[in-house]
Amino acid sequence: MGATMKKTAAASIEGIDPASVKQELLSKYPTKVARKRAKQIVINTVGEDCSAPEIGANTRTIPGIITQRGCSYAGCKGVVLGPTRDFVNLTHGPIGCGFYSWLTRRNQTRPPTPDSPNFMTYCFSTDLQDEDIVFGGEKKLRAAIQEAYDLFKPKAISIFSTCPVGLIGDDVHAVAREMKEKLGINIFGFSCEGYKGVSQSAGHHIANNGIFKHVVGLDDTPREGKYKINLLGEYNIGGDAFEIDRVLEKCGITTVATFSGNSTYDQFANAHMADLNTIMCHRSINYVAEMMEKKFGIPWIKINFIGANSTAKSLRKIAKYFEDQALIDMVEEIIAEEMVEVEKVRAEIRPRCEGKLAMLFVGGSRAHHYQDLFAEIGMETISAGYEFAHRDDYEGRKVLPDIKVDADSRNIEELEIHPDPERYRPRRTAEQIETLAAEGFTFRDYEGMMAQMAEKTLVIDDISQFETEKMIEIYKPAIFCAGIKEKFAIQKKGIPMKQLHSYDSGGPYAGFKGAVNFYREIDRMVNSKVWSYIKAPWQVNPELTATYAFE
Amino acid sequence: MGATMKKTAAASIEGIDPASVKQELLSKYPTKVARKRAKQIVINTVGEDCSAPEIGANTRTIPGIITQRGCSYAGCKGVVLGPTRDFVNLTHGPIGCGFYSWLTRRNQTRPPTPDSPNFMTYCFSTDLQDEDIVFGGEKKLRAAIQEAYDLFKPKAISIFSTCPVGLIGDDVHAVAREMKEKLGINIFGFSCEGYKGVSQSAGHHIANNGIFKHVVGLDDTPREGKYKINLLGEYNIGGDAFEIDRVLEKCGITTVATFSGNSTYDQFANAHMADLNTIMCHRSINYVAEMMEKKFGIPWIKINFIGANSTAKSLRKIAKYFEDQALIDMVEEIIAEEMVEVEKVRAEIRPRCEGKLAMLFVGGSRAHHYQDLFAEIGMETISAGYEFAHRDDYEGRKVLPDIKVDADSRNIEELEIHPDPERYRPRRTAEQIETLAAEGFTFRDYEGMMAQMAEKTLVIDDISQFETEKMIEIYKPAIFCAGIKEKFAIQKKGIPMKQLHSYDSGGPYAGFKGAVNFYREIDRMVNSKVWSYIKAPWQVNPELTATYAFE
Amino acid sequence: MLLRHTPTEIRERSALTINPAKTCQPIGAMYAALGIHRCLPHSHGSQGCCAYHRSTLTRHYKEPVMAATSSFTEGASVFGGQANLLQAIDNIFTVYEPDVIAVHTTCLSETIGDDIPQIARKAGADGKIPEGKFVIHANTPSYVGSHVTGFANMTKGMVDYFSTSTGKRTDRINIIPGYVEPSDMEEIARLAAELGIKIVMFPDTSNVLNRPQTGKFEMYPKGGVTVPALMSTGDSKATIALGRTASWPAARALDVKCKVHCELLNLPIGLAATDAFIETLRTVSGVSVPDSINLERGRLLDIITDMHQYFYHRKVGLVGDPDQLISLAEFLVSLDMWPIHIVTGTPGKKFESKIREITAGIPHQVNVRAAGDMFLFHQWIKNDPVDLIMGNTYLKYIARDEDIPFVRFGFPILDRIGHGIFPTVGYRGGMRLLEKILEALMDRQDRDAPEESFELVM
Amino acid sequence: MLLRHTPTEIRERSALTINPAKTCQPIGAMYAALGIHRCLPHSHGSQGCCAYHRSTLTRHYKEPVMAATSSFTEGASVFGGQANLLQAIDNIFTVYEPDVIAVHTTCLSETIGDDIPQIARKAGADGKIPEGKFVIHANTPSYVGSHVTGFANMTKGMVDYFSTSTGKRTDRINIIPGYVEPSDMEEIARLAAELGIKIVMFPDTSNVLNRPQTGKFEMYPKGGVTVPALMSTGDSKATIALGRTASWPAARALDVKCKVHCELLNLPIGLAATDAFIETLRTVSGVSVPDSINLERGRLLDIITDMHQYFYHRKVGLVGDPDQLISLAEFLVSLDMWPIHIVTGTPGKKFESKIREITAGIPHQVNVRAAGDMFLFHQWIKNDPVDLIMGNTYLKYIARDEDIPFVRFGFPILDRIGHGIFPTVGYRGGMRLLEKILEALMDRQDRDAPEESFELVM
């Protein structure tokens, strides 16, 4: 990775000067807006030390500039805690927030038995009414918790605050404590009001804090298994986590907890019994990893199961961590085995996709990870950006020290974590870490998206509708990857658009089988005839002298 | 029945003079047509001796006068032999005839096991092409039989001739004999070309002859059971035969063979082991009954399982025949038991139907039988007629001697039947028959439709489209019963129309449960709101000063 | 199993047809004749034919289907049907008062060799044909071709009897819609009207076989092409024949008889075929295409691009009539679907080669058969299963036995409604077809999905 | 089971809503605003609201849904959103150049108490609103009513901001179509056109949320009611409001503001409601009803009389929005069907009494609930099963668990297409509904029939 594989932009766009493209993107904005956006639109260039230019990220969205960003509630309830099947996620607020986050993210979950709890198909809300706004909603919240308890007797109930809750002064945490006391189940609240922070990202952090504070570490039952890891930041969209589990199990690696695809309360409570934290989506979950290391001594590494090569790489990294030849051999064996099908399909499809251009504007890690998959079938990522990421996700964690915390971030609590007196147990000694590092093994590191992107590609944070259209008109990519809000505007321009939040209706795309699925899906999209029907014969050839086929 | 219950026409039509109605029906016809139709349109009046006026029936259809009649092939293949599940019914001719008679009659059949043969869902045809018409179709017929045999190894194959077959000189019987010889399974043909006779009726007769000649009596295995009967002229439309079987079984009566609803080859072969033949549809099957009596000494009686009272009456008649108190008691017990539900539903529905008018123009016995059902819910049959019946079906078998056989009927073979040297065994002695007769028990008798109909009702044979419309305009019945061809023309006039060939998609209507089904169905049809929507508000009330409801 | 005797192993049959994918000529002739205003179709043969045709058409359309018959007896079939037909003509004009009697023959009268024109002339000579009324005919031997052939022959009969050239060309376009639904004919006329083109469409069964419930039964409803309109076809600027099997013979005859230039197009089913239809109308009559049509087209295309993932590489089996199947197969291929088993009962070599051409790009074996039957089709499916089958109601037995999603399409449809009212031709028809295909595939996905992948958003 | 925790035993809940049958006001306001030509809806609150509304509308329509947001931060929610909105207005007019910005509030800005008109005035004063462009607004607190209320409020906003009476009455009729599909609005306009009546329909999302695929993305597509048309509504002869919940407030406001006489009708879903709509149009504008409409009506009625046996006494469960359910229930009852469980999430006493009235003739217990949820609906079904359920996509979980035929109807439909293109209003819409209902019931019959009673003809 990094400098060693420094790439230059696609031949096919040699003619296009990114600087002037940037100008064009900014041209129409009012000066203040242009100035701010200029910081968030960067022409990539990777230094020898893998350093990338500074990008403006995790800053306020500009009112009126059509954004694709969501809110803190969406990040907390929707993203991080939504996928957990066995506790009642109760939205405290008007009906909308609960309704919109009801089953819309395609997080798959598979209860072990027909009667094991699964509340993911349900939407729970206090559906606040005007009188509640006026007189306060705590009473209703209390009653709702009681009703939920009476009906379902869940292991735990979590409360998610929506915008008005803070303003009307409801103390959801007090209510949570009180009802926990009363009902004897775990009940906790999240102050994830929509206006917190500048995007979903704030909600991720809030979720991380809450789950760590209220659940992680509650169950010390030792977990069977020789190689025990947690999988962090994998939400099992379209079954990704199932495929990753398949591969890990095959290697004999035990997943203690997944945060939070296909997850359960007990997994979280027991997560600290793992010996390694592996991070998929750095943006949404690194907080938990950091806190677990501080408190329990579990190191974390960044991995990526998106892309067959990346998957292989990640498996090797895990094996190397455990420093066990048996595991190392097993992993190699399985990689070899799994790559047969992958190579077969790749060989079939790559010739049809080679050299085609992709753009990715999504999430907090997917815009990075999916570049590997496109690369595997010879497609070039000409431009990419995140919706809600921070500078470290772009430029790498090395820039963390010089990210200044602004007002919006300061409002998100940073938990004080200290080693747990009884349970702090460093999984690796300083020496071990030394040696591994010496061999180029990196802990607690993420080098970010930009280091891997070609020179002169455009990196755009929180891309706007206006910029999206311009970019498509200028580069005419073969495919554009984003979310549901962008999908049909882009397709109306005749460019196939792949959702990388929900995968449209596809997936899994993780692991080896996932890579195959993705190759085939992209092949379908970029090589389909249907995009060629846009002009009717009389539009192609309007003059009436036109001849027409007849027998 | 008969004289004792001589009825007068419905009060509701007192005002209408049937004689002038008849005039109106004839008014538009050319003289010759009018003269012929005049014989087929009769104003009913029942003499003290149950005698009814003579009606023209089983005479030629008048070309150009839109009829609902079908052909000989339809009567033979479609009606009588179609319902038998386990032999291959091969249509010899162009594709149409086989196609149109493919699964369209709703004869239900229930093979005992998943692998017992059932060919009713299949359509087999030689699909004659022009070269076959020119050079003859025997070769193709032979090959088709061979192919059917090779594919299915059926118990038997029957061949049905369509119009051109006779004309091109194919000898289906010779081919049948030859292939029977060769393949060692039973193969026989029917010369049921469409032009034979004047309606389906000819085909019934041809079917009766064939099945009697080629199958009945082939298997002498004695049949278990104390009271053994055959059920003749019941085709299991919509499951009628299933309901009748249910009732008979409950009474301990064994059905050896049904001609031909839900029937099999073996049933026919074994039918002569029964002790009584009971006839539902006199028109289509009396020939077999007659022949079985002559050859095997099995008496036959007319029964009717359409209508709860008729069903009770028929059961009593069968019981009486067997002169066994146990059976007589059992029958009474079951009638009592079954009538509970019948009376309950009737009591609910009759008030809503009482006095409404019905017209029935269908079949060779249904137009008669269903009058009982209507009567049971208080509805009056103001006019009725058959599509293909003979005088005896109208006036009763007593007129048989003076029916003169015309050219069209003469063409249908009358089999010479003699008592079977070994197997003729009169089931009842002359004395027994005497005594039963003395008690009013009638063998070999059918008194016909007219004796049961009210005075001044119109009895119309082979009613034409023109007459149908007139009748509806004049009498405005609450319901009209006929076939699919009439259905929508009548409903377009705003009158619900019930199919009594196929039952639309309903049934069973036979037996006790069937009666309940029919009550409910008629209630639905004659009391539905939907017929009241025909006029739009602006048609009811066209002037623009109209006021309209608003809130 | 409903079709429990159908073996997987296929052996060629030379003589036995099992579960036909066609029926006989006369029913097509009867259907076509119902597309003439104030016309009573007449079946010259045994009355059973007429009864069967009326019953089948009635079950398909759920509408009154009026037709008369010569009711042959044994005598007639020996001595010929002249007497019957003469009597019929007299009775029909007297009692049912049509403007036109459209006689079609049957296997019986064809085998006998009755000469309909001669009999009709005699009827005329005997004064049995009232002033200004007509007896037309078509020879429709049941042992040649199929119901589609019968439709084609009776449609040609309309040209033979009515089309006349007065020498003055009009700017009208003749459209021969083919053996399609009344709703389809209505839609074809609507599209032409959108283009501002005057047309004569024949036959035209709309408002005959998709009539309103009015509380009145009209022997001769509003619909149907009128006799004067039929006569005027000889003066029209051009004829567009939709579908080779059903419409080309009449178009050619009109060209020969009145020198009306004719174009053969596929039935406008699907995007490309409808484009060709509109483009031909545009160029032939020199009009420009209005936005309203571009809008419809764009909406159809929008469904295609939005839902492409559900179509892509799904295997389909098709049974139906040749003209329909050619356009339908072309449409499915354009969606990246794979029609791999295609059967029509109607004979005709051109059909198989045309389908081969259309499906050439499919990287999978394609089975196609003209003069085939559903038994063979079923066996193909047993040997190479599909994701979807499309065809008439008789396919429901296969659909149930093999548990395959099923979209009803073609003739006859005896167990559902909608075909009489909602077209499958034109862009709107394409949208309806896509909706039905998607519904079938998605319902199946919803049925079979494990709970964890039961999708809210599709 | 997908909804494995739903118990049969029902206990009343006072505080907990489970599986809502409604969503919040702003999304309705956004949808209504999209029905103004060249209008950009703007959500004044946290950006999450806007993201959620756009996502949900996009999934339902499979079309671009453009809207902007004030992107409140914690600061804004303390000090008020004026700065954000002013900046937004400036940016939107500069970058996206709409003619109208339609601002709706959210629970956040409502709780804070932002005064939109005052802020808009300031924007105007600061010269941030270009000549001839407009900022309109509606207060749509999420904690009052439902998405339907939001639609009603924004529609009323159109009247408040635009309707003006010049004193000269026109012969135009205003039609407020209610919260229906773009295809429905198109059909309502078509029906009026058939009657030869000039109308102004507002809002009008046709050709906005059912756009063609043209290879071009237009930020502001062809569709939508124009500002001049909206202004002219004050001079119209009368207003017809379709549906009390969604359309009456705007109609009343217009009456009060410009003295335009208004009529309240049920949504024209089904025979009777469509009759009432046509009859009202006829009488209000003094036209006569053309045959074309009688024909459509007659065809709908024909299906009803032909297929009555399949509807008769079948039990149905309905979930949806109040205006739709009132007309739909009336339609089903007119077919002799039995809607016995009826839930809307939208509060309102009138709804329950209206439904009681409509279902009074059903000899079976009828459960109806306004401000109810799908959890309760599901429990009703467990206690008293039905033959069919109709409602939005979320019902598919109940349909699968309880194995009940399901017809998608209402908002949102996230897993099927067709609703954007094929209307359910008017006679044609009625035909479509009947086809869908029959399809669902007949497919089930075919699935469950024992082999001996598997029907060819239905």
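Just so we're on the same page: letters track the sequence lines, and every chain starts at 1.
- For the side-chain contact (heavy atoms from CB on, under 4.5 Å) with Pro63(A), the lone residue among Leu85(D), Asn84(D), Ile92(D) that qualifies is Asn84(D).
- Using a 4.5 Å heavy-atom cut-off against chain D, the contacting residues of residues 127-134 of chain A are Asp127(A), Leu128(A), Gln129(A), Asp130(A), Ile133(A).
- Only the side chain of Phe152(A) comes within less than 4.5 Å of a heavy atom in chain D; its backbone stays farther off.
- The parts of Tyr52(D) that come within reach of chain A are both its backbone and its side chain, each placing non-hydrogen atoms under 4.5 angstrom from that chain.
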Please table the atom pairs, donor to acceptor, closer than 3.5 Å between any side-chain atom in residues 91-101 of chain A and protein atoms at least two apart or in another chain.
from	atom 1	to	atom 2	distance (Å)
Thr91(A)	OG1	Tyr73(A)	OH	2.7
His92(A)	ND1	Thr126(A)	OG1	2.9
His92(A)	NE2	Asp170(A)	OD2	2.8
Tyr100(A)	OH	Thr23(D)	OG1	2.9
Tyr100(A)	OH	His53(D)	NE2	3.4
Ser101(A)	OG	Tyr73(A)	OH	3.2
Ser101(A)	OG	Lys77(A)	NZ	3.1
Ser101(A)	OG	Cys97(A)	O	2.8
Ser101(A)	OG	Gly98(A)	O	3.3

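- Contacts between Thr56(D) and chain A at a heavy-atom distance below 4.5 Å involve the side chain alone, from C-beta outward.
- Within the 4.5 angstrom heavy-atom criterion, no atom of Ile101(D) approaches chain A.
- Between Thr69(D) atom OG1 and Ile65(A) atom CD1 the span is 12.0 Å, to the nearest 0.5 Å.
- Between Arg4(D) and Pro111(A), the closest side-chain pair of non-hydrogen atoms falls below 4.5 Å.
- Only the side chain of Leu90(A) has a heavy atom closer than 4.5 Å to any heavy atom of chain D.
- For Tyr61(D), no part lies under 4.5 angstrom from a heavy atom of chain A.
- With a 4.5 Å cut-off on non-hydrogen atoms, Ser505(A) does not touch chain D at all.
- The closest side-chain donor-acceptor pair between Tyr122(A) and Thr6(D) falls under 3.5 angstrom.
- For chain A, the nearby part of Pro212(D) is the backbone; its heavy atoms alone come within less than 4.5 Å.
- Proximity to chain D (any heavy atom under 4.5 Å) is shown, for Ser72(A), by neither the backbone nor the side chain.
- Heavy atoms of Glu469(A) lying under 4.5 Å from chain D belong exclusively to its side chain.
- With a 4.5 angstrom heavy-atom cutoff, Arg60(A) touches chain D only via side-chain atoms.
- Glu218(D) and Lys492(A) are not joined by a salt bridge, as no carboxylate oxygen comes within less than 4.0 angstrom of a charged side-chain nitrogen.
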